[in-house]
Student: 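This is the structure I have questions about; it appears just below.
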Amino acid sequence: MHSSTVTAEYSISDLCKEFDITTRTIRHYEDLGLLSPSRRGQSRVYTPSDRTRLRLILRGKRLGLSLEDSRQIIDTVSYTHLTLPTKRI
């Protein structure tokens with residue numbers, strides 16, 4: 001019996017295909033500090049969190065937000081998510 005596994009990491013080409021963007025676009029977002037993948041040799045390795053950030057950046061762009069506005073919103077949400085208690089009282 002085979003169990004299906006969820007991809008825990010993505011290559012730059014995986015993300016380019018999924019979001020129909022160029023590698024140059026992703027590298028630009030990296031240069032601006034919007035994405036920060038880890039490296040495995042010369043290859044970039046993106047996590048599900050990086051994928052979500054990219055999705056939110058592209059959604060913000062479609063809505064007319066600047067990249068800086070998107071960064072502030074994403075960072076605020078990420079910070080809030082990380083600091084909220086996980087246990088409800």
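Note that the coordinates shown come from a computational prediction; the quantities given were computed from them, not determined experimentally.
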Student: Surrounding CG of D20 (heavy atoms of other residues, nucleotides or ligands, distance under 6.0 Å), is the total greater than 12?
Tutor: no
Student: If you apply the rule side-chain contact (heavy atoms from CB on, under 4.5 Å), what do you find for Y29 with L58, and how did you get there?
Tutor: CA-CA 10 Å; Y29 296 155; L58 296 171; 3.8 Å; yes
Student: Rounded to the nearest 0.5 Å, what separates atom CG in L35 from atom CD1 in I26?
Tutor: 7.0 Å
Student: For L56, check side chain to side chain contact (heavy atoms under 4.5 Å, CB included) against everything at least two apart and list the hits.
Tutor: T52, R59, I74
Student: Not counting sequence neighbours, list each pair that qualifies as a salt bridge (charged side-chain N to carboxylate O under 4.0 Å, His left out) and has a residue in residues 43-52.
Tutor: E18-R51, E30-R44
Student: Report the residues that fulfil salt bridge (Lys or Arg N to Asp or Glu O under 4.0 Å) with R40, sequence neighbours left out, ordered by chain and then residue number.
Tutor: E9
Student: Working to the nearest 0.5 Å, report the span between CD1 of I73 and CD of E68.
Tutor: 10.5 Å
Student: Is there a donor-acceptor pair under 3.5 Å between the side chain of T25 and the backbone N or O of I21?
Tutor: no
Student: How many angstroms lie between CG in L65 and CD in Q72, if you round to the nearest 0.5 Å?
Tutor: 10.5 Å
Student: Got a sec, which residues hit side chain to side chain contact (heavy atoms under 4.5 Å, CB included) with S38, two or more places apart in sequence or on another chain?
Tutor: V45
Student: Can you list the residues that meet the side chain to side chain contact (heavy atoms under 4.5 Å, CB included) rule with T23, with sequence neighbours excluded?
Tutor: I12, C16, R27
Student: Look up atom CD1 in I57 and atom CG in L67, then write down how far apart they are to the nearest 0.5 Å.
Tutor: 7.5 Å
Student: With sequence neighbours left out, write down each residue that passes side chain to side chain contact (heavy atoms under 4.5 Å, CB included) with S49, or none if nothing qualifies.
Tutor: T47
Student: Any idea which heavy atoms bring A8 and P48 closest together, and the distance?
Tutor: O-CD, 3.0 Å
Student: Would you say D31's side chain and H28's backbone share a donor-acceptor pair under 3.5 angstrom?
Tutor: no
